Amino acid sequence: MVGHPVPDHLPEAGTLGLDRWLQAVRRRRWPSTANLHLLINNQTATKTSRASNHWISATLRGQDATLERLRVDRQLEEALTHGPDPLHLAEVFGLDEKTAMRYADSARQLLETAAEKNTREGRQ
């Protein structure tokens, strides 16, 4: 919001890492929220609606984290956590099939690389 300072709790998200930020700040600040959106504020924490585009843009301005980076990170995390299943990704995020397959392929490659690294380290 023009003329309003950037909330002091969000800049921490870029330095703490998203998961740690959610644990350390978001859940501490709004422990009982039913809002499942990643980015919430004082107005949306008591509802289930999302924060406005204007609030999100103003809050993220000048930060390392961008909406695009947060979105891609969240989708990749979902693929790594629940397995590289393009149907699951398409359903959860409303992705078209080609995009869901691309994210699933990226997750599969990361999982295979991690498994190969663990196997090599286990032999040493």
Side-chain angles (χ1 to χ4, degrees):
M1 296 181 198
V2 178
H4 293 275
V6 173
D8 60 359
H9 57 279
L10 193 60
E12 298 173 33
T15 57
L16 283 177
L18 192 53
D19 284 340
R20 288 180 36 213
W21 178 79
L22 286 172
Q23 291 294 329
V25 178
R26 186 181 194 263
R27 289 192 183 107
R28 183 180 67 227
R29 179 167 262 188
W30 300 292
S32 301
T33 186
N35 194 323
L36 299 177
H37 290 88
L38 176 63
L39 300 175
I40 61 176
N41 57 29
N42 289 335
Q43 287 76 40
T44 62
T46 59
K47 305 172 187 173
T48 56
S49 59
R50 66 184 207 78
S52 71
N53 289 343
H54 181 75
W55 181 86
I56 292 170
S57 295
T59 301
L60 291 177
R61 191 171 294 120
Q63 302 299 316
D64 288 338
T66 64
L67 281 179
E68 179 66 12
R69 287 176 67 185
L70 291 172
R71 181 186 64 77
V72 170
D73 182 67
R74 177 66 189 99
Q75 290 169 342
L76 183 56
E77 178 188 6
E78 185 75 18
L80 292 171
T81 302
H82 291 93
D85 177 3
L87 292 176
H88 175 78
L89 294 174
E91 184 177 327
V92 170
F93 296 107
L95 302 173
D96 66 63
E97 66 183 54
K98 288 183 179 181
T99 302
M101 289 171 57
R102 193 172 66 245
Y103 282 128
D105 287 342
S106 294
R108 190 174 297 109
Q109 289 173 359
L110 286 171
L111 290 168
E112 288 171 0
T113 301
E116 290 168 3
K117 181 181 177 188
N118 288 339
T119 302
R120 281 193 309 268
E121 289 175 356
R123 288 187 217 154
Q124 292 176 356

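Because the structure is predicted, anything quoted here is derived from the model rather than measured.
Between the Asn35 side chain and the Ser49 main chain, a donor and an acceptor come within less than 3.5 Å of each other. The backbone N or O of Asn41 lies less than 3.5 Å from a partner atom in the side chain of Thr44, making a donor-acceptor pair.
In this structure, Ile56 and Arg50 have side chains that are in contact, with non-hydrogen atoms separated by less than 4.5 Å. Counting only heavy atoms from C-beta outward, the side chains of Leu39 and Thr59 never approach each other to under 4.5 Å.
One distance of note links OG1 of Thr81 with NE2 of His88; it measures 8.5 Å at 0.5 Å rounding. The OG1 atom of Thr46 sits 9.0 Å away from the CD1 atom of Ile40 when rounded to the nearest 0.5 Å. The line from CZ of Arg27 to OG1 of Thr33 is 10.5 Å long, rounded to the nearest 0.5 Å. Here the straight-line distance linking atom CD of Glu77 with atom NE2 of His82 works out to 9.5 Å at 0.5 Å rounding.
Annotation for Leu89 and Gln75: closest pair CD2-O, 3.8 Å, computed over non-hydrogen atoms. Taking all atoms of both residues into account, the shortest heavy-atom contact from Ala79 to Tyr103 is CB-O, 4.3 Å. Here the closest heavy-atom approach between residue Ala51 and residue Trp55 is recorded as CB-CE3, 3.5 Å. The shortest heavy-atom contact between Pro84 and Ala104 is CB-O, 3.2 Å.
Cluster annotation: Phe93 and Leu87 are assigned to distinct hydrophobic clusters (Ile/Leu/Val/Met/Phe/Trp/Tyr, side-chain heavy-atom contacts under 4.5 Å, transitive). Val92 and Val72 end up in the same hydrophobic cluster when Ile, Leu, Val, Met, Phe, Trp and Tyr side chains are linked at under 4.5 Å.
With sequence neighbours excluded, the residues satisfying salt bridge (Lys or Arg N to Asp or Glu O under 4.0 Å) with Arg108 are Asp105.
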